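All figures in this text were calculated on a predicted structure; none of them were measured in a lab.
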Amino acid sequence: MGILSRMSTIFKAKMNKILDQAENPQETLEYSYQRQLEMLQNVKRNLADVVASKKRLELQAVKLKDNLQKLEDQARQALQLSREDLATSALERKAAIQQQLEGLEEQVKGLEAEQEKLASVEAKLQAKVDAFRTKKEVLKAQYSAAQAQVKIGEAVTGLSEELADVSLAIQRAEEKTESMRARAAAIDELVDSGVLEDALETGDPLEAELKKATAKSRVQEDLERLKKEVGKA
């Protein structure tokens with residue numbers, strides 16, 4: 001496969017994806033239904049035109065038949081008056097009109113055949129339009145139901161993801177809380193043991209040593225005093 005062929009395939013695939021995303025099945029179904037209605041209306045109009053044309057020709061045929069009868073009566077009257085020439089002229093006109101009438105009758109037959117054909121097409125197309133209308137409504141209802149299910153599924157999925165995030169946040173908060181409690185307990189223990197105070201103690205080292213010596217002296221004095229009190233001195 002050449003580069004241009006591959007590019008064409010990729011382009012068609014992308015265009016199909018774009019069209020698929022942009023297409024609304026309900027709008028497509030309604031458009032197709034309207035197009036079928038337009039075709040049906042065109043057939044109805046054509047059928048009406050054929051019927052109207054046939055009626056006009058039938059009226060013309062009626063007039064020609066009236067003229068035929070009139071000319072025959074005139075020819076008969078002329079013969080009664082011994083005017084064979086006038087009778088011949090009337091019959092000649094009658095023959096010409098008879099030809100016109102026959103032509104009209106042929107046209108009427110042709111229009112009748114066309115009318116039957118269009119009437120059959122109209123009936124079949126009407127049945128198809130009715131069936132498509134029913135199918136269209138079913139498909140639209142099914143699409144709406146599927147669309148609602150998708151939205152519900154997306155909402156549930158989003159809620160599940162949100163709840164999962166909340167659960168993780170709660171877990172992290174609990175872990176941090178336990179960590180802070182452990183740290184606070186450790187600090188309390190260090191404070192109670194004096195380690196933290198010694199670690200935090202600052203100042204002159206000599207002064208610190210003097211304080212320790214003073215404290216030791218006081219302890220010794222208290223010890224001697226207590227010995228005397230209990231008679232152990």
field: L71 side chain near L91 side chain, heavy-atom distance below 4.5 Å
entry: no
message: Just so I know, are the side chains of Y143 and N24 near enough to count as touching, which here means a heavy-atom distance under 4.5 Å?
response: yes
Applying the 4.5 Å side-chain criterion to the ILVMFWY set and letting contacts propagate, would [X] and [Y] be lumped into a single cluster?
| X | Y | answer |
| --- | --- | --- |
| L125 | L37 | yes |
| L86 | I97 | no |
| F132 | M39 | yes |
| V129 | V121 | yes |

Heavy-atom neighbours of [X] [atom1] exceed 12 at 6.0 Å:
| X | atom1 | answer |
| --- | --- | --- |
| E105 | CD | yes |
| E137 | CD | yes |
| K117 | NZ | no |

- prompt: Would K128 and R133 satisfy side chain to side chain contact (heavy atoms under 4.5 Å, CB included), going step by step from the backbone distance to the final call?
  reply: CA-CA 8 Å; K128 289 183 178 180; R133 180 176 63 248; over 6 Å; no
Could you give the distance from [atom1] ([X]) to [atom2] ([Y]), rounded to the nearest 0.5 Å?
| X | Y | atom1 | atom2 | result |
| --- | --- | --- | --- | --- |
| L40 | Q126 | CG | CD | 4.5 Å |
| Q100 | N67 | CD | CG | 9.0 Å |
| E58 | R56 | CD | CZ | 11.5 Å |

Where [X] and [Y] come nearest, the two heavy atoms and their spacing:
| X | Y | value |
| --- | --- | --- |
| L68 | K94 | CD2-O, 3.2 Å |
| V43 | L118 | CG1-O, 3.9 Å |
| K140 | L29 | CG-CD1, 3.9 Å |
| A87 | A78 | N-CB, 3.5 Å |
| K65 | L101 | CG-CD2, 3.6 Å |

I'd like to know if [X] and [Y] make a salt bridge, using a cut-off of under 4.0 Å between side-chain N and carboxylate O.
| X | Y | value |
| --- | --- | --- |
| E114 | K54 | no |
| E112 | K109 | no |
| D73 | R76 | yes |

- prompt: Step by step, would you call Q74 with S89 a side-chain hydrogen bond (donor to acceptor under 3.5 Å, both in side chains)?
  reply: CA-CA 10 Å; Q74 289 177 344; S89 177; over 6 Å; no
Between Q107 and S53, a side-chain donor and acceptor under 3.5 Å: no
query: Can you find a side-chain donor-acceptor pair between E38 and N42 that sits under 3.5 Å?
result: no
- prompt: Just by modelled atom types, is the T28 backbone N or O under 3.5 Å from a matching donor or acceptor in the S32 side chain?
  reply: yes
- request: Using modelled atom types only, decide if a donor and an acceptor are shared between the side chain of S120 and the backbone of E116 within a distance under 3.5 Å.
  value: no
Test log, rule side chain to side chain contact (heavy atoms under 4.5 Å, CB included), inputs L57 and L111: CA-CA 10 Å; L57 292 180; L111 289 175; 3.4 Å; yes
